[in-house]
Amino acid sequence: MSLFLDLGSWVLFGIGSLLLFIGALGVLRLPTLFTRMHAASLTESLGTIAVLTGIMLQAGLTLATMKLLAILLFLLLTSPTSSYALANAALLARNRDQTREQADRK
Amino acid sequence: MTILLAVFLLTMLVITAVAIVRTRDLFAAVMLLGIFSLLMAANFFVLDAADVALTEAAVGAGISTVLFLGALALTAARERESGDSRWLPLVVVVIMAATVVYATFDKPALGDPNAPVHQHVAPWYLSETPRLIDIPNVVTAVLGSYRGYDTLGEVFVVFTAGIAVLFLLGSGRPGELFSRPPDELSTGGLKHHLIPRVVGKLLIPFIILFGLYVQFHGEYGPGGGFQAGAIIAAGVILYALLEGETRALAALPESALKVMVIGGALLYTLVGVVCMLMGGNFLDYSVLSTNSVAGQQLGIILIEAGVGLAVTGVLLSIFHAFAARATA
Amino acid sequence: MFITVSIAILVTMALAIIRALRGPSIYDRILAVNMFGTKTVLLVSVVAFLFGRPDFLDLALAYALINFIGVLAVLEFFQSRSLRRELGAAQQRDSL
């Protein structure tokens with residue numbers, strides 16, 4: 001039984017690590033702000049789920065697992081929200097700059 | 001493994017610190033300070049100092065960023081070039097740093113069991129805490145009971161800092177920290193903030209609940225009054241960011257904050273005075289109850305409550321002071 | 001196996017720091033800080049189990065709850081500042 005749990009953890013940790021690393025590469029290498037943002041937010045959710053679930057498999061049915069569940073829940077709520085707020089703010093700022101340029105041209 | 005992790009984290013810490021010093025863009029500096037705080041907390045954590053790490057997390061993650069931004073709203077966004085020669089300061093700093101590095105050669109290695117710190121009072125704290133106070137977290141026992149006098153001093157430092165900021169910034173009319181011009185309020189902004197508002201409001205009760213857990217679970221796990229105060233203050237600040245200062249002040253008015261600041265500091269002192277009246281020394285909680293262990297536990301719970309009240313009150317007062325100033 | 005994950009997270013953190021140092025726009029820096037915060041939560045959770053101290057997970061929980069406030073504050077700050085600047089520019093145009 002514990003072999004299967006270990007195996008599951010390994011697989012989840014592998015997926016999680018890979019996703020986190022790809023996300024970080026994307027944030028570093030992609031050309032524009034919005035592409036970078038998409039790399040970060042997309043990989044982050046699944047990577048977080050994988051890593052935290054992997055730890056949960058190791059922790060078993062304990063208080064720690066409940067805490068990990070809470071952490072996972074809060075992260076899944078907050079990180080897309082902050083990504084959304086960030087993208088929204090950046091988009092608004094860009095639109096404002098564009099309208100200002102148009103106003104200046106007139 | 002501890003060493004490897006610590007070295008990696010410290011390297012990143014040094015890089016971030018140098019970048020903070022080098023940058024002229026004050027906003028970038030604030031963002032990098034956020035990373036600095038996260039790294040610092042991770043470092044404390046790796047060194048097994050969970051109570052300190054939790055303090056750094058509670059203050060560094062939300063509140064210090066908000067206060068720095070409040071300060072930035074009052075000043076310019078870029079640091080001015082200074083024309084003075086920097087050679088003399090550099091020489092002084094290099095000499096000081098060399099002295100400190102030289103002094104560390106006499107330090108015992110990390111985790112050396114023969115180090116003075118592990119020989120002096122630490123073994124006594126570890127062996128006697130179960131008998132004298134009977135709580136699992138020895139840090140709380142040291143902080144609240146053995147070193148209760150020092151913690152009282154810390155509370156008064158926080159108290160004084162809060163008073164000083166209020167004197168400097170003056171708590172005038174309440175205002176918005178990041179004020180919007182009135183006509184923009186009705187048209188733009190808030191509509192786009194629907195998702196953060198919903199999620200944020202959903203989180204506030206959990207933040208407050210977690211703060212209370214940290215407050216009252218401090219005897220068993222990492223936590224205590226300082227951390228809890230900062231976390232609860234962060235929850236209220238989140239409410240102020242989402243709903244506006246006026247509504248946050250309606251929920252927790254400035255008069256209530258003053259009562260919390262003064263009441264917290266007074267509660268701590270009064271516990272000490274009551275101990276004296278009941279025949280013990282100042283802050284010797286054993287006399288508070290017929291059973292000395294129960295007395296110690298009662299005393300720690302009371303003073304932690306005082307600390308929590310004072311810290312929440314001071315942090316929120318400072319936040320509101322910045323907000324009032326930014327509008328004026 | 002916890003070591004493998006923690007190394008992956010540390011590398012990710014280092015890459016996020018590079019992005020935060022490079023900028024170029026303010027939003028890139030916020031993105032990097034936000035990402036760094038999530039990675040710290042993961043690192044703390046993993047290290048708590050690596051060292052066999054699962055009761056220290058409270059720290060990760062605190063970050064998961066509070067990190068978000070800093071990002072929101074930054075965004076509020078920028079939106080209000082650019083709005084104020086806009087308003088100032090409009091007033092200047094009107095007065096000309």
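Reckoned from all heavy atoms, side chains included, excluding hydrogens, waters and symmetry mates. Chain letters run A, B, ... following the sequence lines, proteins first, then strands; residues in each count from 1.
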Closest non-hydrogen atom pair, [X] against [Y]:
X      : Y     : result
B:A234 : C:I69 : O-CD1, 3.3 Å
C:A20  : B:L32 : CB-CD2, 4.1 Å
B:A42  : C:L43 : CB-CD2, 4.4 Å

How many angstroms lie between [atom1] in [X] and [atom2] in [Y], if you round to the nearest 0.5 Å?
X     : Y      : atom1 : atom2 : value
C:L72 : B:L241 : CG    : CG    : 7.0 Å
C:L31 : B:M31  : CG    : CE    : 11.5 Å
C:M35 : B:I35  : CE    : CD1   : 10.0 Å

Count the heavy-atom pairs under 4.5 Å between each of [options] and chain B, then report the option with the highest count.
options                    : value
C:V47, C:I3, C:L65         : C:L65
C:F68, C:F36, C:F51        : C:F36
C:L50, C:L21, C:L61, C:V71 : C:L61
C:D58, C:N67, C:T40        : C:D58
C:A32, C:A48, C:S6         : C:A48

Checklist entry - With a cut-off of 6.0 Å (strictly less than), are more than 12 heavy atoms of other residues, nucleotides or ligands near CZ of B:F206? => result no
Item to check | Enclosure of B:R22 CZ (heavy-atom neighbours >12, cutoff 6.0 Å) | outcome: no
Next on the checklist: Is C:I7 in contact with chain B via its backbone, its side chain, both, or neither, using a 4.5 Å heavy-atom distance?
Outcome noted: neither
Checklist entry - So what's closer than 4.5 Å to chain B heavy atoms on C:Y63: side chain, backbone, both or neither? => result side chain
Next on the checklist: With a 4.5 angstrom heavy-atom cut-off, is it the side chain or the backbone of B:Y213 that approaches chain C, or both, or neither?
Outcome noted: side chain
Between [options], which has the largest tally of heavy atom pairs under 4.5 Å with chain C?
options                      : value
B:I237, B:T23, B:L39, B:V199 : B:L39
B:T65, B:L54, B:D25, B:L4    : B:L54
B:D48, B:T16, B:V214, B:L72  : B:D48

Checklist entry - Is there side-chain contact between C:L10 and B:L9, with at least one heavy-atom pair below 4.5 Å? => result yes
